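Below, each value reflects all heavy atoms present in this structure, side chains not excepted, and no hydrogens, waters or symmetry copies. Model, not experiment: these values are computed from the prediction.
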Amino acid sequence: MGGPIGQDQGFVLHRPANASDSPNEIQLSSSKELLRQISKDQGPCDYLVTLGYSGWEPGQLEEEIKQNDWLTVPACSNVLFNTPITNRWEAAIKLLGIDSSSLSDQ
């Protein structure tokens, strides 16, 4: 249920342009300058450009996670940037050691 509420907001999920500049393997930005750099092949090599976001009331997402409404895994740059989009969900679920065929929506 629900859906994107901020359809005008764009985000770029990316590896740092210079890995020595950041201890983080993955970064999130909404910088227009980063988009300009990417358009000129001067930005990071690995990136995902997204449009829109969904939101929750304060504490709502944390409560949903506690109730096991969500499966979460640590961010994995290999899954995000090296795995075809059609295979990402399966690759992410494998990080939990779960066979997706054993899951039920009940």
Side-chain angles (χ1 to χ4, degrees):
M1 290 190 214
I5 57 173
Q7 297 180 28
D8 299 6
Q9 181 69 48
F11 298 94
V12 181
L13 192 63
H14 62 94
R15 291 185 202 256
N18 184 346
S20 63
D21 289 346
S22 173
N24 299 318
E25 185 179 358
I26 301 169
Q27 295 180 329
L28 180 68
S29 175
S30 60
S31 163
K32 289 181 183 177
E33 180 56 32
L34 181 62
L35 287 173
R36 284 187 196 94
Q37 291 172 355
I38 289 170
S39 72
K40 297 176 183 178
D41 287 332
Q42 297 172 349
C45 294
D46 294 319
Y47 59 88
L48 298 172
V49 178
T50 65
L51 185 59
Y53 65 90
S54 293
W56 288 263
E57 296 292 323
Q60 180 184 354
L61 181 58
E62 292 82 357
E63 189 60 33
E64 290 177 8
I65 290 171
K66 280 188 219 173
Q67 294 172 4
N68 287 322
D69 292 338
W70 294 89
L71 295 174
T72 61
V73 297
C76 175
S77 61
N78 187 50
V79 171
L80 290 169
F81 302 120
N82 299 330
T83 304
I85 194 165
T86 56
N87 301 356
R88 285 187 194 148
W89 185 85
E90 189 69 37
I93 200 86
K94 284 182 181 178
L95 294 174
L96 291 174
I98 295 174
D99 176 0
S100 64
S101 67
S102 67
L103 293 176
S104 168
D105 63 355
Q106 300 299 314

Nearest heavy-atom neighbours spanning [X] and [Y]:
X    : Y   : value
L103 : I93 : CD1-CD1, 3.9 Å
I26  : A75 : CD1-CB, 3.6 Å
S30  : G10 : CB-O, 3.5 Å
V79  : A92 : CG1-N, 4.3 Å
V12  : Y47 : CG1-CB, 3.9 Å
P16  : E25 : CD-O, 3.4 Å

task: Using atom types as modelled and distance alone, determine if a side-chain donor or acceptor of R15 lies under 3.5 Å from a backbone N or O of C45.
output: no
So, taking the atom named [atom1] in [X] and the one named [atom2] in [Y], what distance separates them when rounded to the nearest 0.5 Å?
X   : Y    : atom1 : atom2 : value
T50 : Q9   : OG1   : CD    : 9.0 Å
K94 : D99  : NZ    : CG    : 8.5 Å
E90 : S101 : CD    : OG    : 8.0 Å
Q67 : E63  : CD    : CD    : 4.5 Å
N82 : D46  : CG    : CG    : 6.0 Å

Same cluster (ILVMFWY, side-chain, under 4.5 Å), [X] and [Y]:
X   : Y   : result
I65 : L71 : no
L51 : L34 : no
L80 : W89 : no

field: Flag side-chain contact, heavy atom, 4.5 Å: F11 against L48
entry: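 No - every pair of side-chain heavy atoms lies 4.5 Å or more apart.
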- prompt: Is it the case that more than 12 heavy atoms not belonging to N78 sit under 6.0 Å from its CG atom?
  reply: yes
message: If you count heavy atoms of other groups shown closer than 6.0 angstrom to CD of E57, is the number above 12?
response: no
- prompt: Can you list the steps and then say if L35 with V49 is a side chain to side chain contact (heavy atoms under 4.5 Å, CB included)?
  reply: CA-CA 9 Å; L35 287 173; V49 178; 4.2 Å; yes
